[in-house]
Amino acid sequence: MASVKELLKKSLYDLRKDDLKEFQWHLRNDYEFPASGLEGADVLDTVDKMVERETQEEAVKITVKILRKINQNQLAEELEKKHKEGKGAVDSKAVDVDYSEFSNTLKKLLKQDYERILDGNSETSRQRYLDDIYTDLYIVKNHTGGVVNEHEVRQIESNRTSAEDTSVMCNDIFKVQRDTGRQNRKVLTLGIAGVGKTVSVSKFILDWAEGKENQEIIFIFPLPFRELNLISGNRSLMGLINKKFFGSDKQLSSLPKEEGKVMFIFDGLDECRFSLSFENRERFTDVTEETTVDVIITNLIEKNMIPSALIWITSRPAAAHLIPRLHIDQVTEIRGFNDEQKKVYFTRNSDPDMSERIISHMKRSRSLYIMCHIPVFCWICLRVLQPLMMIQENQNKSPTTLTGMYIYFLLSQMKQMTDKYSKDLPQSFEDVVVKLGKLAFKQLQKGNLIFYEKDLKECGLDVRDGLVFSGLCTQMFQTEKPVSRRKVFSFVHLSVQEFLAALYVLFIYRNKKTNPFCLTLGDKLKRYFKKNSLVDLHKIAVENALQSKNGHLDLLLRFLMGLSQESNHNDLKDLLPSMKIKAEDMGQTAEYIKQTIKNEESSEKSINLFHCLNELNDDSLITEIQKYLNSDGLSAQDLSSVQWSALVFVLLMSEETQEMFEMQKYRRSDEAVILLLPVIRNTRRAL
Ligand SMILES: Nc1ncnc2c1ncn2[C@@H]1O[C@H](COP(=O)(O)OP(=O)(O)OP(=O)(O)O)[C@@H](O)[C@H]1O
């Protein structure tokens with residue numbers, strides 16, 4: 001095999017005299033080679049100078065680049081090819097490299113990093129051992145893998161267990177699959193906010209690091225998008241790996257080439273703040289050459305770089321489209337806890353008696369029980385219900401609506417914070433909550449779920465307040481060895497962002513009698529001259545929510561209705577003092593919603609509007625349809641469109657229907673099947 005010097009010599013000998021001169025000119029001007037060293041230099045001198053000053057690898061790269069610049073493309077290609085062949089020969093000799101020392105170092109580091117997690121994503125919550133809290137999740141192989149253009153909570157309500165799902169255990173995702181006999185190489189795991197993607201990835205890593213599972217993998221490199229976002233400038237893949245996992249003492253110089261020995265885990269694609277472009281991009285294969293992070297990630301996913309590697313990407317559904325399906329072998333979906341797993345979760349995190357009481361309380365309000373599919377919501381319920389239920393007389397005070405649950409959560413955070421920081425608080429809790437509400441609302445409108453320091457500042461929040469009030473808004477990224485020191489923030493769960501956003505909308509209305517939804521100049525002028533009533537505010541909020549394609553304002557709307565209820569204001573006196581709510585206003589809003597349901601074609605949107613009526617304590621439509629159901633004389637031909645929507649809502653909220661749905665009871669027509677689709681999707685057995 002020819003040495004690098006030989007290869008360079010051969011390439012430069014093929015240049016004409018003028019070309020050699022131009023080559024040297026580029027060395028001086030583009031790469032700052034001293035002019036004195038190159039004066040009168042022939043081919044051999046030039047090669048010597050280059051190898052003296054640069055590493056062999058660099059000398060080849062520079063030569064290739066200059067040859068291209070002076071239009072000697074063929075020579076450049078030959079040199080690149082021969083150099084790669086040479087490197088390949090060296091690498092293949094290195095197949096037997098002993099990686100065990102590096103692998104053990106990595107396992108030790110990852111065990112330390114992953115054995116404990118911040119339960120509930122919050123800095124005020126305790127660091128807990130992952131193995132103590134971990135409860136199995138229901139994960140299914142999802143063959144559609146399509147873009148889910150729907151609000152996340154709505155998805156969980158209409159997307160539960162169905163007979164055709166094939167479930168898979170988290171640790172088995174990369175093993176040979178029983179149903180296909182094939183091993184997955186590139187997996188995309190989808191799941192709504194707080195459903196347990198990061199926890200699943202952490203469990204996989206911990207079990208590997210502790211030698212329990214997937215031991216045929218030599219290296220697992222977790223590279224969350226949250227951290228990748230913070231890297232500016234160019235890096236090589238090996239540089240990145242060494243900096244993050246091995247430090248400067250001993251550097252890993254190559255990676256195993258055999259199939260499935262190296263794994264990269266990219267958690268949180270939805271948080272990716274750089275663009276990933278998979279089309280018309282040059283192949284990039286060199287793990288030692290520096291480039292931008294997006295080029296490294298796309299080339300790993302496209303298998304141009306380390307084609308034998310296993311790749312695991314996790315994402316909230318709305319960002320799934322960022323990776324073309326042709327690059328993914330298997331899409332899986334974390335559906336959260338099934339009913340059995342909910343029980344296990346509450347028992348593990350409280351005691352059997354408390355768990356029993358919490359579950360029976362939740363079951364009384366179907367919508368809350370459904371939300372418990374989401375582990376982070378279970379965590380919120382535990383924070384709220386456990387202290388309340390410890391005291392007998394409080395039992396009846398426990399919240400039964402979604403809004404009520406979040407109000408208690410907010411109050412429990414307020415109590416914790418004032419107990420902890422009573423003297424040092426730079427401003428009142430109420431002030432900070434309103435500023436957090438502004439941040440929540442502004443970012444929700446833009447569809448942003450993670451924010452930077454500048455976003456906080458724009459809403460008048462000092463970063464230190466963010467930390468103080470981290471029970472609501474948390475600094476998410478603070479690893480021991482940050483690649484960069486830029487801080488990233490998010491709310492503990494998307495629903496907390498939506499709740500605070502709704503609170504902010506009401507706060508603005510109370511203070512200025514305007515609504516913050518208006519954005520255009522015309523709207524602003526109108527709102528300057530016209531003071532809105534509460535009913536106007538509700539109408540605008542309903543309109544905005546209905547216009548959203550992915551339902552990103554649905555939960556905000558539900559909370560807004562709940563927060564507008566006078567009964568909830570006792571608990572919010574400090575935040576919304578002297579807010580007068582008239583019963584007739586609320587009645588008008590309920591009527592407006594009922595009218596809107598009549599004209600609404602989308603069943604998902606109607607279902608959300610029924611949830612809003614529920615928050616307003618208006619169950620007239622539901623009672624009406626229940627009378628029909630009980631009378632046994634349900635002839636579906638007679639149902640109006642509103643009644644159909646009410647029927648779908650009632651069936652969705654029913655525990656029996658979740659187990660089995662007797663469709664023939666209603667109507668055997670194509671139209672009925674379409675109308676009942678959300679119910680059919682939601683049941684284990686449709687007859
Ligand atoms: N399997 C589990 N067992 C016990 N608790 C869990 C589990 N999964 C999640 N949780 C709880 O829910 C919280 C949020 O989970 P996680 O961070 O994994 O969600 P995520 O799907 O990554 O959400 P996001 O999209 O918002 O990043 C955890 O901090 C933990 O309290």
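Counting starts at 1 for both ligands and their atoms, in listed order.
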Among Leu269, Asp132, Val376, closest by any non-hydrogen atom to atom 14 (C) of ligand 1 = Val376

Under 3.5 Å between any N/O of [X] and any N/O of ligand 1: does that happen in this structure?
X: Asp270; result: no
X: Thr198; result: yes
X: Arg316; result: yes
X: Val195; result: yes

ask   = Cation over ring, Arg116 on Tyr129, under 6.0 Å and within 45°?
value = yes

ask   = By side-chain hydrogen bond (donor to acceptor under 3.5 Å, both in side chains), which residues pair with Ser103, not counting sequence neighbours?
value = none

Non-neighbouring partners of Asn544 that pass side-chain hydrogen bond (donor to acceptor under 3.5 Å, both in side chains), sequence neighbours left out = none

query = Is the gap between the ring centers of Phe264 and Trp312 under 6.0 Å?
reply = no

message = For Tyr406 together with Phe559, are the ring centres under 6.0 Å from each other?
response = yes

Closer than 4.0 Å to some heavy atom of [X] - which atoms of ligand 1 meet that?
X: Tyr345; value: 4 (C), 5 (N)
X: Tyr134; value: 1 (N), 3 (N)
X: Leu137; value: 1 (N)
X: Pro375; value: 6 (C), 7 (C), 8 (N), 9 (C), 10 (N), 11 (C), 12 (O)
X: Ile192; value: 21 (O)

query = Under 3.5 Å, side chain of Arg383 to main-chain N/O of Trp379, donor-acceptor pair present?
reply = yes

task = State, without any angle test, whether Gln341 and Thr135 hold a side-chain donor-acceptor pair at a distance under 3.5 Å.
result = no

query = Hey, does Gly194 sit under 4.0 Å from ligand 1 if you only count heavy atoms?
reply = yes

query = Taking the six-membered ring for Trp, are Phe225 and Phe266 parallel (under 30°), tilted (30 to 60°) or perpendicular (over 60°)?
reply = tilted

